[in-house]
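Working notes, structure below.
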2 protein chains.
Amino acid sequence: MAIASQEVSPARFSAQLRSHALQTRIMDLILDRGLDVGDALPTESELSAELGVGRNTVRESLKVLQALGVIEIRHGFGMFVAPNNFSALVSGLTFRGRLSLRHKGEEAMELIDVRQALESGLIGSAIDLLTDEHLADLRVTMEAMENAAKKGEPLYEHDAEFHRRLYAPLNNDLLINLMDVFWQVYRKIHLALGTGPVNLEQQTQDHWDIFEAVANKDKALASERLQRHFDGIRLKLKDVAAA
Amino acid sequence: MAIASQEVSPARFSAQLRSHALQTRIMDLILDRGLDVGDALPTESELSAELGVGRNTVRESLKVLQALGVIEIRHGFGMFVAPNNFSALVSGLTFRGRLSLRHKGEEAMELIDVRQALESGLIGSAIDLLTDEHLADLRVTMEAMENAAKKGEPLYEHDAEFHRRLYAPLNNDLLINLMDVFWQVYRKIHLALGTGPVNLEQQTQDHWDIFEAVANKDKALASERLQRHFDGIRLKLKDVAAA
DNA sequence: TTCTAGACATTGGATGTCCCATCTCCTGTA
DNA sequence: TACAGGAGATGGGACATCCAATGTCTAGAA
């Protein structure tokens with residue numbers, strides 16, 4: 001079989017393009033059939049037959065699509081169109097970050113720059129759309145963070161939750177996902193470097209300050225305090241990297 | 001062979017985790033050996049032997065790493081640590097965008113929001129670091145855009161180049177890559193929708209306006225004009241999606 | 001010295017086989 | 001009747017092996 005003859009089979013196209021083309025064909029198949037998030041894809045064997053390529057080849061593309069967050073593979077059950085989620089990017093970006101830290105750690109700094117720009121740039125819009133409910137959620141998160149700090153527990157999750165909820169009013173999944181990715185990458189790099197001494201109280205106070213500005217709907221102050229928050233993170237990262 | 005017995009072989013771990021673990025092992029191998037961008041990885045067979053898994057299995061993970069931009073695979077030659085590049089993300093994000101357009105196109109709008117926040121948020125820092133050389137590059141790009149517009153050619157590439165150069169002073173590869181990804185995704189979605197009527201002159205003038213503000217180092221004005229630029233894009237996208 | 005053809009190493013792809021994870025449904029029991 | 005447990009079907013996971021395709025490098029000829 002292998003009816004690859006259908007296409008002109010340019011043979012000059014680099015293999016990389018062929019591989020990429022297969023991924024595209026599968027994505028097109030999903031779109032053409034009107035499959036939506038949660039819907040099941042054909043089985044590997046069916047895809048292999050329909051696309052005229054071996055099952056291993058199909059599997060390689062499917063794994064890539066899984067890594068790209070396009071589909072979700074459930075062993076023994078089937079494959080499904082995945083909900084939006086960028087967790088896949090974490091691996092790649094983390095690798096980049098760790099690779100760069102061997103040199104000068106510049107790329108890790110770039111990541112902070114992007115986070116800073118995104119967050120301080122969007123805080124104004126977020127405040128515009130902020131409701132009392134959102135604010136209540138934020139306060140709950142802050143209280144949880146404070147409790148954790150008193151117990152000497154790491155604040156990773158609460159910190160992430162705070163930033164996630166801060167931008168929830170924007171109702172922008174892409175943004176939330178991106179920020180989550182950056183956050184996780186930063187955390188992994190930080191852990192890989194070995195955490196320096198952390199001042200839990202200072203960290204909590206920083207967030208309370210931001211919270212206060214947001215609660216008062218003071219856009220300029222909130223933006224400024226976010227800027228400083230990231231400046232602090234940047235300095236800390238520089239210290240750790242130097243050690 | 002298949003000396004998987006080395007590890008406890010938990011067998012209870014979901015397959016997804018095992019797959020992810022293999023990718024991580026390969027990345028760790030790269031980092032442990034001190035391989036740098038451009039260096040060659042062991043061959044597929046060697047990896048298969050070293051990691052104690054079949055070549056097909058290794059290949060699946062390698063394809064994923066390629067898709068994540070971690071490695072570069074050259075048919076018939078070998079595999080190498082890839083330079084930083086996020087082009088892989090384009091596929092996944094484009095798929096998301098097209099999927100969302102079947103509904104209300106919200107996710108495409110989210111993409112514009114993120115671009116707007118990034119660009120208008122960072123233009124200030126970019127202007128701070130702007131040199132005459134950067135400015136000259138920008139002017140060249142603008143002149144090329146104007147020429148293309150006069151000939152009625154599409155401005156896609158010049159548009160992308162303009163934004164790329166606008167933030168070149170920041171020397172932040174992550175940012176440039178991200179913006180490139182967003183831009184390409186936007187373009188693909190736009191093409192998939194069928195381009196509506198485009199006003200080349202207006203588009204060029206928008207960019208000249210931004211250029212002027214940047215050349216005058218007027219941060220506030222540049223930021224505002226960038227905001228309006230994206231507002232225009234957003235409106236246009238809404239029109240096309242509605243049609 | 002320069003160009004070309006072929007050997008070689010390495011990845012690309014196909015097929016078959018077996019294993020094992022998950023779900024479904026049916027049966028037996030309370 | 002309702003619930004629990006297990007058998008079977010479905011379908012992905014892993015592997016071995018073959019051959020094809022391709023980029024590199026080298027040896028030989030002009």
Side-chain angles (χ1 to χ4, degrees), chain A residues 1-26 35 38-67 70-82, chain B residues 1-26 35 38-67 70-82:
Chain A
M1 51 150 65
I3 325 233
S5 51
Q6 158 199 4
E7 353 198 355
V8 184
S9 174
R12 275 301 146 204
F13 279 161
S14 93
Q16 190 153 337
L17 288 187
R18 297 230 325 239
S19 174
H20 189 270
L22 183 55
Q23 295 160 28
T24 305
R25 283 173 71 191
I26 296 175
L35 299 183
D39 291 346
L41 272 72
T43 68
E44 290 184 350
S45 312
E46 284 170 348
L47 279 177
S48 161
E50 282 185 43
L51 301 176
V53 294
R55 190 162 85 100
N56 264 326
T57 311
V58 167
R59 272 174 62 77
E60 284 175 5
S61 287
L62 289 172
K63 283 296 186 73
V64 169
L65 292 183
Q66 182 191 34
V70 170
I71 66 175
E72 182 184 345
I73 303 180
R74 294 168 63 183
H75 190 174
F77 193 39
M79 299 176 298
F80 307 84
V81 180
Chain B
M1 52 153 69
I3 325 233
S5 52
Q6 159 198 3
E7 355 198 350
V8 185
S9 175
R12 276 300 146 206
F13 280 159
S14 94
Q16 189 152 339
L17 287 187
R18 298 228 324 241
S19 174
H20 189 270
L22 184 54
Q23 294 160 29
T24 305
R25 283 173 71 192
I26 297 175
L35 298 184
D39 290 347
L41 274 71
T43 68
E44 293 181 350
S45 311
E46 285 170 346
L47 279 178
S48 162
E50 283 184 43
L51 302 175
V53 293
R55 191 167 84 108
N56 268 328
T57 311
V58 167
R59 271 173 61 77
E60 283 176 4
S61 287
L62 289 171
K63 283 297 186 71
V64 169
L65 292 183
Q66 182 189 33
V70 171
I71 66 174
E72 182 184 345
I73 302 181
R74 293 169 62 183
H75 189 173
F77 193 40
M79 300 177 296
F80 307 84
V81 180

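Convention: sequence-line order gives letters A, B, ...; per-chain numbering from 1.
Residue B/His75 places a side-chain atom within donor-acceptor reach of the base of C/dT11, judged by atom type and a 3.5 Å distance cut-off alone. In the interface, the side chain of A/Arg55 is not paired with the base of C/dG13 through any donor and acceptor atom under 3.5 Å apart.
For A/Arg59 and C/dT15, the CZ to P distance is 16 Å, given to the nearest whole Å. Atoms CG (B/Leu62) and C1' (C/dG13) sit 15 Å apart, rounded to a whole Å. Straight-line distance from the CG atom of A/Asn56 to the P atom of C/dC18: 16 Å, rounded to whole Å. The separation between A/Leu22 atom CG and C/dG12 atom P is 13 Å, rounded to whole Å. Rounded to whole angstrom, the span from the CD atom of A/Glu44 across to the P atom of C/dT17 amounts to 18 Å. Atom CG in A/Leu41 sits roughly 13 Å away from atom C1' in D/dG12 (whole-Å rounding). Rounded to a whole Å, the CD1 atom of B/Ile71 is 15 Å from the P atom of C/dT10.
Distance check, rounded to the nearest 0.5 Å: CD1 of A/Ile26 to CG of A/Leu51 gives 6.0 Å. Here CG of A/Asn56 is found 6.5 Å from CD of B/Glu60. Values are rounded to the nearest 0.5 Å.
Remark on DNA chain C: of its neighbouring residues A/Gly76 and A/Val58, the 5'-side contact belongs to A/Val58, judged by nearest-heavy-atom nucleotide. The residue among A/Lys63 and A/Phe77 whose nearest nucleotide of DNA chain D lies closer to the 5′ end is A/Phe77.
Between C/dT10, D/dA14, D/dC15, one nucleotide has an atom nearer to the side chain of B/Glu60 than all others, and that is D/dA14. Considering only side-chain atoms of A/Ile73, the nucleotide from D/dA14, C/dT11, D/dG12 that sits closest is D/dG12.
Within the 4.5 Å cutoff, no side-chain heavy atoms of A/Leu65 are placed close to those of A/Met79.
Considering only side-chain N and O atoms, B/Thr57 lies under 4.0 angstrom from the phosphate OP1 or OP2 of D/dC15. Within the 4.0 Å cut-off from OP1 or OP2 of C/dC23, at least one side-chain nitrogen or oxygen of A/Arg74 is found.
The residue B/Gly54 sits close only to the backbone: its heavy atoms come under 4.0 Å of sugar-phosphate atoms, none of a base.
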>> Show, in sequence, the C-alpha distance, side-chain angles and deciding distance for A/Lys63 and B/Lys63, and conclude whether the side chain to side chain contact (heavy atoms under 4.5 Å, CB included) test is met.
In response: CA-CA 8 Å; A/Lys63 283 296 186 73; B/Lys63 283 297 186 71; over 6 Å; no

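A donor-acceptor contact shorter than 3.5 Å links the side chain of B/Thr24 to the backbone of B/His20.
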